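Some notes on the structure that comes next.
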Amino acid sequence: MVRPIATTRSASGVPTGRLAVWWVLASEIVIFGGLLGSYLLHRLGHPEWATYASHTNTWAGAFNTFVLLTSSLSAVLAHQAAEQGNGKKAANLLLATCGGALIFLIVKSFEWTAEIQHGYTITANGFWSFYYIAAGLHGLHVIAGAIIMLIVAADARKGKDLQRVELIGIYWHFVDLVWIFLFPLLYIAK
Amino acid sequence: MLEHYMQQGSSFASQIDGLVWMIFLMTTFWFLLVEGILFWLLWRFRARPGHKAVYLDDHAEHAFEVKWIEIPHRVILLCDVAVIIGAITVWSEVKLSAPAPDEVVRVVAQQWAWTFTHAGRDGKLDTADDIVTIDELHVQVGKTYSYELGAKDVLHSFSIPVFRLKQDAIPGRVITGWFKPTIVGEFDVQCAEICGIGHGIMPARLYVETPEAHAAWIANPTHYLAYKF
Amino acid sequence: MAETHGHEAHGHDAHGHHEEGWFVKYFWSTDHKMIAKQYLLTGMLLGAVGAYFAYVFRMQLAFPNKPVPGYGLVTGADYNALVTNHGAIMIFWVAMPVLIAAFGNFLIPLMVGCDDMVFPRLNRLSYQIFLVSALVLAASFFVQGGAFGGAWTSYPPLSAKAEYSLTDLGPTLWLAAVALEFVAFLLGGINFVTTAMNSRAPGMKAFDIPMAVWMIVIASILFMCSVGPLVAGAVMLMFDQQVGTGFFDPDRGGDPVLWQHLFWFFGHPEVYVVLLPALGFVAEIITTFSRKRLFAYRTVLYTTIGTGVLSFFVWAHHQFIAGIDPRMANVFSVTTVLISIPIAEMTFVYIATLFGGSISFRVPMLWALAFIAEFLMGGVTGIFLGASGADIYFHDTYFVVAHFHYTFFPIAIIGTFAGLTYWFPKMFGRHMNETVNKVHFWITITCFNGIFLPLFVLGAAGDHRRIFDYGNFPELSQPWMQDLRVFATVSLLIMLAVQPLFLANFFYSMFKGRKAEANPWKANTLEWQCPSPPPHGNFSPLPEVYRGPYEYSAEGRADDFWPQNSPT
Amino acid sequence: MSTPSSHSHEHGHESGGHEAHDGAHHTNYVKIWAMLLVLLGVSLAGPELGIRTVTLLTAFGIAVVKAYMVAKYFMHLNIERRFVVQLLTVCLGLMMLFFLATAPDVMKHWGMNWRNESAKNANIPEATHHAEGGEHAAAGHEVVPAHEAAPAHQAAPAHEAAPAHGAGE
């Protein structure tokens, strides 16, 4: 696929790829903002949800936060390696980030199965509905990010489109940012 | 302007109509003025042989704008302020204030019927002599009523056009408001929020009665099915 | 479409493209012009479906409970489904694809002087997702229980619980279609904004960008920044519908008013999202046909941005009496009435553009002027509804229906016809027949006023929306009111009867119309400086820009236009 | 896609080992990462203390600090163009606006001339049918004691019966 000349131009001073990722992030902020805003409205409106929230597993959440923070580190190191032109190292670091994503999802699946077995299903009450929707939507974004990262890593290994390592890195940091706010909202506000 | 189409049946109806009349005057003035200018310009500057368009550079444009755009713009701002003041006073009078009611009536909307609970002889609600009717509201002219509006299933909207009264009923909420009937007669109650298949077939009748007729009705409430089609 | 379709000589392209197969050229193309035509035709097809719904329920209103020719007897459920999907189709599947996606795709690369959108495959993908959303919506009509009938705003609990709406699968498919359409326009929006921001021709400064591009970009930004909460809301509503969660179910800790806020936080910026592109086309057309510079370019730009920002502060004027806290209504009434100021200034500035011009009344100019004249009526009647006190009476009556048709019709129909007749020579390389279009113009405009002026009167008389049979309401079944309903329906019939005239002219001229030269209207913007229809790769070589887009009738020049890319 | 065998499954320390050739820039990231972990630890300590307000303050305060650090250092927003930062903050501002304007209706359960009855009743935990059996009370609709003694004449209307009691009162 021959890329149009339009892609090469950068009248706004920000390269096209990164400008597009910032716009993706703007719309994502507004989507997660709407969801977490609605959740917060209900949490502040229903004090009794704190008792439901007490059944969430804080340690699993904390470990997941640790995993995502570390994967953010490997993402930014991959970006740094890509800037130095070292495609192979960038690819390896991206795979480490995907490894982190995998661990995050595995921990989450264990956590959820435990909670569902305890009867805290999505239809149990308002808190659990929001819990599964918010964490689920975030989980989908983690999966989407990991898939794109694998594709970018494959190209980067061959030294192609190294600027995409930075782009997927920015998206990944955003996914980590959402989790940074999800963690206290779902796990600590008890 | 509205009273030509719909009688003013409640105390605050005239205030709402007054606000509508004020807005009507202002908007008609601006509408006709701007349309007139538009069509005059079209006629005056139509393409004619030998007539060439003028080129306004930035300076000329600015001068033109200050003279011809800023002044009307400020006047519109004044009109808007007047509309805002009018709107807020009427809104506060109708929705924010709650004068001491002579009687309370409970309105419960459900999928495709209205249930009215009148206070009955003793004038108190939730007492043994309450009169519960379906799709039929009997009120006395001149008395200040406060209504408690609730819904059973979906959103409905308690709307009495002749009273200029409209308030959505939300399941799970009790919304209060007031009205004071001023004319006697039989009027429509409509549902103003889509509530499913029967939205169009849940009319109710409002009977504003003289004190004697109302007392007679309370004595032996008519069979509420009299009206049903 | 036959091979002779516009692209006669498939001239050598800047990219040395291999010869595309028939399928790839028309259905798998990544060329922004072909994707624009795909959006245009899909939008027009769905516009016909929406118009058909309007025909059916207007016939039911004018001649209640009589079988409608071409449909049959309209029951309460049918009526609600027709009204709901007329609204949803006209806004999401006609106004947005045609105004933003079709014209956006076609014009932005050409007007900023580059060869294609920055992400061609993403551009194709967003059309395909849009097509899937239209198919999912179509599927929602044929599922068991019928189409969704809870108004295009789909307020829960009616839209959330099957036992209330008595349609179990329709609402979910409808919601899935709307959510897919949002995804399509999020992806499309990113393409538009990035292309317009980054791939401008060298020398094109911020104030040299044509107003149409500015407007479509600001519209996309408004859409991307406002649709988020509704996407989250749609996920929550879909779980309420199918999984049984209680986000909006009052008995289970949920709150229906939350959905109203989520919806209208998107709803009001959405009406400006569809308004701005139409305003952009009108700016291009009135400057070209009055041979005059756009009056106060910066004022138009700043008022557009001002309107866009203010549009985020006004949404609860849709909910004055919907059960929000009455004190909030005062706040939103103030912001709503204040938003009339930037729009009023923009209209004055557009009209001031005509001052001192030499106005030729070609068909695009007729449509653009009709837009200004009709949109004024829409704007003016909005004050009645923005004032909270007056909205008590007018909320959810036909006054509201008439108001928003006086804004949506100019936007979606008049704006589209203006854009189509203006850019048809560039899109298809041929001219449409002028007289046929003028006949179509005059009949459509008079009939449009014939439909909606009576509705203002009916609304003032207390006619409420979405009631399919006024026979149950003695106050509303007075003879003079029924006559007005019949008058409005007859006007609609005449208007619909004249539309095939335009469509025939449109499709006939596409292949057999008089050949169009590169710059038939003698306009300045870059899309007129390349052949009609533009070959793959648009410009060869890519243009440089030396001046603004509206330098008409500059002193001391022989001809009265000065293309942006001509050095002298 | 041939992924090299060195696909690391461990987390944290593995990627730490990667930065063989250091440079002022490298330690910078790892240092920030370490600070983020410390902040995470602190926010975890909050619930152990048990004072609710302290927990909330630390949890959300630290979340904001962590977010700031990730955005600044990892997403390089400090060296990004101004309008990008403004765009992201405008979106956050819009969410704040949405929250503030919706709070009087959704967060609060009563206001001028209205009260949210169901929100009060919803305090009875839903049918969380599991170990803590004793705690959960009557599931589903609690039956509002309808004023049974409705006057005798209220016979069932011809069309769909409208029972006397409504969820409204």
Side-chain angles (χ1 to χ4, degrees), chain B residues 2 5-6 16 19-20 23 27 30-31 34-35 37-38 41-42 45-47 51-56 61 65 68-69 72-73 76-77 80 83-84 86-88 90-91 94-96 153-155 161 164 166-168 170-173 175 188 190 192-201 203, chain C residues 76-77 150-151 155 157-158 164-166 250 256 291-293 295-296 321-323 326 329-330 333-334 337-338 340-341 344-345 348 351-352 354-360 373 376 380 383-384 387-390 392-393 395-396 460-462 464 466-469 472-475 552-555:
Chain B
L2 280 188
Y5 298 108
M6 180 64 72
I16 290 181
L19 175 65
V20 169
I23 297 174
T27 43
W30 281 107
F31 177 70
V34 177
E35 292 281 2
I37 291 174
L38 174 64
L41 284 176
L42 293 183
F45 295 102
R46 65 192 183 287
H51 162 79
K52 199 168 181 305
V54 70
Y55 179 83
L56 295 173
E61 254 182 17
E65 184 170 11
W68 286 100
I69 306 278
H73 204 216
I76 280 194
L77 190 65
D80 279 350
V83 166
I84 288 172
I88 289 180
V90 169
W91 180 264
V94 174
K95 291 283 182 186
L96 292 183
D153 32 41
V154 289
L155 297 180
R164 307 293 187 275
K166 193 173 292 164
Q167 178 56 52
D168 277 17
I170 299 177
R173 273 180 159 79
I175 300 171
D188 263 341
Q190 299 175 28
E193 186 65 55
I194 190 160
C195 55
I197 291 169
H199 170 64
I201 51 169
Chain C
Y155 282 169
L158 177 64
Y164 292 146
S165 63
L166 304 180
R291 311 312 293 164
K292 198 168 161 298
R293 195 163 176 263
F295 188 87
I321 51 106
N330 286 337
S333 186
V334 169
V337 174
L338 285 184
S340 67
I341 294 182
E345 177 155 10
F348 290 164
I351 293 173
L354 302 173
F355 179 85
S358 118
I359 300 164
S360 55
L376 262 176
V380 144
I383 307 285
F384 290 91
S388 49
I392 298 172
Y393 181 72
H395 180 75
D396 257 353
H464 277 91
R466 300 167 180 146
I467 291 180
F468 76 104
D469 177 8
N472 300 305
F473 299 93
E475 276 168 17
Y552 288 101
S553 322
E555 277 95 359

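Given the structure is predicted, the values throughout are model-derived calculations rather than measurements. Basis for what follows: all heavy atoms, side chains included, without hydrogens, waters or symmetry-related copies. Chain naming here is simple, since letters A, B, ... match the order of the sequence lines and numbering starts at 1 in each.
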- Message: Could you check whether any side-chain heavy atom of C/L354 comes within less than 4.5 Å of a side-chain heavy atom of B/L42, counting everything from C-beta outward?
- Response: yes
- Message: Can you tell me which portion of C/L166 sits under 4.5 Å from chain B's heavy atoms? Options are side chain, backbone, both or neither.
- Response: side chain
- Would you say the side chain of B/V34 lies within less than 4.5 Å of the side chain of C/V380, judging by non-hydrogen atoms? no
- Taking all atoms of both residues into account, what is the closest heavy-atom pair of C/A329 and B/W91, and its distance? CB-CZ2, 3.3 Å
- Note on the structure: Applying a strict 4.5 Å limit to non-hydrogen atoms, the region of B/L155 in contact with chain C is both
- Task: Mind checking the CG-CD spacing from C/L158 to B/E193? Nearest 0.5 Å is all I need.
- Result: 9.0 Å
- So which of C/F384, C/F468, C/Y155, C/Y552 has the biggest tally of heavy-atom pairs under 4.5 Å with chain B? C/F384
- Query: Does any heavy atom of chain C fall under 4.5 Å from the side chain of B/L38, the backbone, both, or neither of them?
  - Reply: both
- Message: Does any backbone or side-chain atom of B/I16 lie under 4.5 Å from a heavy atom of chain C? Answer side chain, backbone, both or neither.
- Response: side chain
- Would you name the heavy atoms of C/A322 and B/D168 that are closest together and state the gap between them? CA-OD2, 3.4 Å
- Message: Counting heavy-atom pairs closer than 4.5 Å to chain C, which one of B/I76, B/V90, B/L77, B/L56 comes out on top?
- Response: B/L56
- Toward chain C, the part of B/I23 with a non-hydrogen atom under 4.5 Å: both
- Leading residue by heavy atom contact count with chain B [cutoff under 4.5 Å; candidates C/E345, C/R291, C/K292]: C/E345
- Item | B/G200 versus C/N472, closest heavy-atom pair with distance | O-ND2, 3.1 Å
- Query: Relative to chain B, which of C/G357, C/G323, C/A387, C/A554 shows the most heavy atom pairs under 4.5 Å?
  - Reply: C/G357
- Task: Measure C/P256 against the heavy atoms of chain B and call it side chain, backbone, both or neither at under 4.5 Å.
- Result: side chain
- Is any side-chain heavy atom of C/S553 less than 4.5 Å from a side-chain heavy atom of B/K52? yes
- Query: Looking at C/E555, C/H464, C/R466, which one has more heavy-atom pairs under 4.5 Å with chain B than the rest?
  - Reply: C/H464
- Item | Shortest non-hydrogen contact from C/A296 toward B/E65 | CB-OE1, 3.7 Å
- Item | B/Y55 atom OH: more than 12 heavy-atom contacts under 6.0 Å | yes
- Task: Please round to the nearest 0.5 Å and tell me the distance separating atom CD1 of C/I351 and atom CD1 of B/I37.
- Result: 7.0 Å
- Any C/P157 side-chain heavy atom under 4.5 Å of B/D153 side chain: no
- Engaged part of B/I175 at the chain C interface, taking heavy atoms whose separation is under 4.5 Å: side chain
- Task: Using non-hydrogen atoms and a 4.5 Å limit, figure out which bit of B/L41 sits close to chain C: side chain, backbone, both or neither.
- Result: both
- Item | Gap between atom CD1 of B/I201 and atom CZ of C/F473 - 0.5 Å precision | 9.5 Å
- Message: Using a 3.5 Å distance criterion without hydrogens, assess whether the side chain of B/K166 forms a donor-acceptor pair with backbone atoms of C/H395.
- Response: yes
- Task: Under 4.5 Å heavy-atom distance to chain B, tell me which part of C/S165 shows up: side chain, backbone, both or neither.
- Result: backbone
- Message: So which residue, C/S360, C/S333, C/A151, C/A373, ends up with the most heavy-atom pairs under 4.5 Å with chain B?
- Response: C/A373
- Is chain C contacted by the side chain of B/V94, its backbone, both, or neither, given a heavy-atom distance below 4.5 Å? side chain
- Message: How close do B/I69 and C/A352 get, counting heavy atoms only, and between which atoms?
- Response: CD1-CB, 4.1 Å
- Message: To the nearest 0.5 Å, what is the distance between OG1 on B/T27 and CG on C/L376?
- Response: 12.0 Å
- Note on the structure: chain C shares the most heavy-atom pairs under 4.5 Å, among B/M6, B/R46, B/H199, B/Q190, with B/Q190
- Note on the structure: Highest number of heavy-atom pairs under 4.5 Å with chain B among C/I392, C/D396, C/I467 belongs to C/I392
